[in-house]
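The block underneath contains the structure these notes are about, expressed in structure tokens.
Predicted model only: the values in this text are computed from it and were never measured. We count ligands from 1, going down the list as the structure has it; atoms in each ligand are counted the same way.
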Amino acid sequence: MASLRLAEESSPSPGESELAVNPFDGLPFSSRYYELLEQRRALPIWAARFIFLEHLESSPSGVVLVSGDPGSGKSTQIPQWCAEFALARGFQKGQVTVTQPYPLAALSLALRVADEMDLTLGHEVGYSIPQEDCTGPNTILRFCWDRLLLQELASTRGTGTWSVLVLDEAQERSVASDSLQGLLRDARLGNLPGDPRVVVVTDSALEPKLQAFWDNPPIVHVPREHGGSPTPIYKDKVPTNRVEAACQAVLDLCWKEAPGDVLVYLPSEEEISLCCESLSKEVGTLALPGAPPRVLPLHPGCGQAVQAIYEDTDTGARKVVITHWLADFSFSLPSIRHVIDSGLELRSVYSPRIRAESQVLRPISKCQAKARQLRARGCPPGSCLCLYPKSILELEAPPLPHPRVCEENLSPLVLLLKRRQIAEPGQCHFLDRPAPEALMQALEDLDYLAALDDNGNLSDLGVILSEIPLPPELAKALLASCEFDCVDEMLTLAAMLTASPGFTQPPLCAEEAALRRALEHADGDHSSLIQVYEAFIQSGADESWCRARGLNWAALCYARKLRGELLELMRRIELPLSQPAFGSEQNRRNLQKALVSGYFLKVARDTDGTGNYLLLTHKHVAQLSSYCCYRNRRAPAKPPSWVLYHSFSISKDNCLSIVSEIQPQMLVELAPPYFLSNLPPSESRDLLNQLREGMADSSTESESFSPQQFRDACILQ
Ligand SMILES: Nc1ncnc2c1ncn2[C@@H]1O[C@H](COP(=O)(O)OP(=O)(O)OP(=O)(O)O)[C@@H](O)[C@H]1O
């Protein structure tokens with residue numbers, strides 16, 4: 001332990017010595033370091049530093065559990081102590097990696113921790129989030145989105161090159177965090193070379209479950225902060241307009257001149273935006289006492305601007321941070337004195353039976369409600385206004401957050417588990433086992449996509465699919481585009497579908513509507529997305545160009561970055577590329593073929609010309625979304641008979657999003673025959689089978705391409 005005594009314990013105060021040097025870069029500490037060190041020492045977790053380092057050194061299984069309240073300093077301090085531990089061991093097996101369930105949290109923590117450690121971001125401290133790898137060869141501490149680490153682990157086979165892995169925010173129950181824990185538990189760390197360590201950090205509510213899962217590892221309990229938590233005040237009934245109620249509650253605090261910052265929890269990003277807009281307007285017109293409050297959104301789309309929530313201004317203006325579930329456990333702000341909680345969250349839940357997403361508005365868990373109250377902890381305690389009756393919390397709220405592994409489409413996870421040669425994903429250790437139906441559906445989909453061989457192991461094609469950071473069906477369409485000479489267009493499409501910068505709001509005025517219509521393509525929504533991207537690039541990635549058309553500029557920039565990375569990946573694995581040909585008839589057909597090769601599971605048919613689409617894989621009826629180009633075009637008014645869709649949502653209406661016309665012949669040519677045979681009985685299936693028989697009989701159909709040929713072609717790439 002002696003070697004672990006580092007700068008913080010022995011370091012003098014500023015002025016006592018100018019010579020103390022940072023052990024990580026050999027440079028003298030700055031005055032900023034000492035300023036932040038004072039703040040760090042005041043965090044509740046500071047008292048647990050030695051016991052943590054002792055457990056990390058001596059844990060027989062190599063695992064340490066850390067449990068404590070939000071805001072106690074876990075996310076910022078534990079990584080630094082792990083870096084000290086690894087430094088003392090000479091970083092024999094690599095750096096320290098810290099996972100976060102949200103990319104934005106990884107970015108924000110890296111910024112803060114680099115500052116606290118007096119090191120340079122991107123050098124010794126870095127982060128890896130989608131489309132941004134801010135690390136270098138000298139990085140010793142890396143904050144990483146958990147899904148990226150899972151992807152890395154799957155393709156490297158081993159457990160990766162880290163000496164300490166910190167799995168932070170385990171109570172969030174992200175699919176990747178749960179899966180990483182399952183994989184690491186099975187790997188038996190004690191037997192691995194380099195003596196790696198795993199630190200699992202959680203809110204105390206999940207501690208008993210994790211303790212049992214990890215077989216009673218040493219636990220560090222973070223002492224509670226001084227000062228009490230506020231007594232929540234509950235409303236008698238749920239407000240009819242949540243956003244209005246939340247705005248009013250903020251204004252009441254301003255009128256009362258109650259000191260301190262405010263944190264507002266709403267269910268969704270849409271409501272956060274509405275609330276910010278409405279509050280900013282009110283604040284501009286009302287003569288509120290004191291400096292006008294600063295209204296700040298906090299949601300996954302904020303990017304680096306998120307750091308504004310931590311900044312103070314000279315005017316001392318009160319901060320009003322409007323957020324949702326993202327800030328249940330991450331983004332602790334010590335200045336918060338008042339919490340306004342809607343008690344609800346809007347989450348996307350996948351139904352494997354009908355392969356559909358739905359947006360579910362539901363009460364948060366008791367654990368989240370408690371965490372939100374604790375945000376206003378202090379001496380004296382602040383206030384917590386719950387915009388719902390207490391009975392909802394008592395009767396309807398589950399004790400803990402829902403494990404996401406029971407709510408997401410598991411095909412991407414099963415693909416990665418297969419990559420790890422886990423033949424039977426159901427055998428993998430999960431904190432909570434996903435429904436067998438969800439695993440079966442994931443296996444079935446991968447099998448249809450030819451990602452599995454006859455023994456249920458990953459096929460060669462499956463190995464390539466697992467290397468591409470896209471959902472399996474989209475990765476398959478991208479691979480197929482190599483065969484059909486439309487890689488350039490499919491790369492754009494893959495990036496646009498991932499960044500989803502579609503029109504998400506109705507046009508604000510006739511001018512905006514006309515500009516939007518000009519971007520719509522007669523061939524369908526997929527071609528429209530390509531057209532939008534190309535026009536965006538031609539505009540010089542201009543933000544005002546996007547604004548005038550109601551397009552999300554940040555999402556388009558993200559698409560551009562992702563496109564570049566996918567292109568790079570395709571070059572690396574030596575896949576054949578093709579020249580741009582967007583707009584030609586041949587390219588249109590090729591693009592459709594590539595799409596059908598990946599999305600044949602997502603096809604629907606308008607059986608009677610009324611716009612009611614019957615899904616092929618199950619007998620659900622759906623309509624085209626109001627943003628679909630076929631709904632907006634003037635002529636011909638009749639929607640296409642056969643369509644391929646990107647997503648099916650059953651939330652508000654049964655709606656198909658991002659839709660393009662296809663020819664049923666393509667489905668017969670490109671979907672596996674056993675997929676067609678397995679379809680539930682319907683007029684559409686009969687029609688496809690007739691087509692199949694007709695095509696088999698016709699030897700003149702030289703253009704037809706058998707699925708086996710196609711499969712072989714892809715494997716050969
Ligand atoms: N990105 C950041 N920028 C500035 N300060 C930060 C940042 N992140 C955390 N802090 C500071 O560090 C303190 C400790 O926060 P930390 O995130 O370590 O707590 P925690 O116990 O992990 O809580 P949570 O579970 O909410 O992440 C906060 O109160 C805040 O003052």
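- Of all the atoms in ligand 1, the ones that sit under 4.0 Å from a non-hydrogen atom of S330 are 26 (O), 27 (O).
- Using a 4.0 Å cut-off to heavy atoms of K74, the atoms of ligand 1 that qualify are 18 (O), 19 (O), 20 (P), 21 (O), 22 (O), 25 (O).
- The shortest N or O to N or O distance between S72 and ligand 1 is below 3.5 Å.
- In terms of protein heavy atoms, atom 28 (C) of ligand 1 is closest to S332 O, 3.5 Å.
- Considering every non-hydrogen atom in both L296 and C276, the closest pair reads C-SG, 4.4 Å.
- Closest heavy-atom contact between R112 and T76: CG-CG2, 4.0 Å.
- Near G73, meaning under 4.0 Å from one of its heavy atoms, ligand 1 places the atoms 14 (C), 16 (P), 18 (O), 19 (O), 20 (P), 21 (O).
- What sits closest to atom 1 (N) of ligand 1 on the protein, heavy atoms only, is S108 OG, 2.8 Å.
- Scanning all protein heavy atoms for the shortest distance to atom 11 (C) of ligand 1 gives R112 NE, 4.0 Å.
- With Y102 as the partner, the ring pair (Phe, Tyr, Trp, His ring centres under 6.0 Å) test is satisfied by one option alone out of F331, W325, F143: W325.
- Neither side chain, E116 nor Q39, offers a donor N or O lying under 3.5 Å from an acceptor on the other.
- Across every non-hydrogen atom of R40 and W81, the tightest pair is NH2-NE1, 4.3 Å.
- Taking all heavy atoms of R375, Q100, E169, Q307 into account, the minimum distance to atom 3 (N) of ligand 1 is reached by Q307.
- Per-residue contacts place D69 under 4.0 angstrom from the following atoms of ligand 1 (heavy atoms of the residue considered): 21 (O).
- A donor-acceptor contact closer than 3.5 angstrom links the side chains of S332 and R375.
- For atom 29 (O) of ligand 1, the nearest non-hydrogen atom of the protein is P334 CD, 3.3 Å.
- Electrostatic pairing of D178 and R404 does not count as a salt bridge here, judged by no charged N lying under 4.0 Å from a carboxylate O.
- What sits closest to atom 8 (N) of ligand 1 on the protein, heavy atoms only, is Y310 OH, 3.4 Å.
- Salt bridge E345/R372: absent, no basic N to carboxylate O contact under 4.0 Å.
- Under a 4.0 Å criterion applied to the non-hydrogen atoms of G71, ligand 1 contributes the atoms 19 (O), 20 (P), 21 (O), 23 (O), 24 (P), 26 (O).
- For the side chain to side chain contact (heavy atoms under 4.5 Å, CB included) with V200, the lone residue among I219, L165, L210, L180 that qualifies is L210.
- A salt bridge links D312 with K319: the distance from a Lys NZ or Arg NE/NH1/NH2 to an Asp or Glu carboxylate oxygen falls below 4.0 Å.
- Nearest protein neighbour of atom 13 (C) of ligand 1, counting heavy atoms only, is L43 CD2, 4.0 Å.
- For atom 24 (P) of ligand 1, the closest non-hydrogen atom of the protein is F329 O, 2.5 Å.
- Using a 4.0 Å cut-off between heavy atoms, Q77 makes no contact with ligand 1 at all.
- With atom 18 (O) of ligand 1 as the reference point, the heavy atom nearest to it among L104, T76, I336 is part of T76.
- Nearest protein heavy-atom contact of atom 17 (O) of ligand 1 is S75 CB, 3.6 Å.
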Quiz item: Can you check side-chain hydrogen bond (donor to acceptor under 3.5 Å, both in side chains) on D118 and S30, steps first, answer last?
Solution: CA-CA 7 Å; D118 217 10; S30 68; 2.9 Å; yes
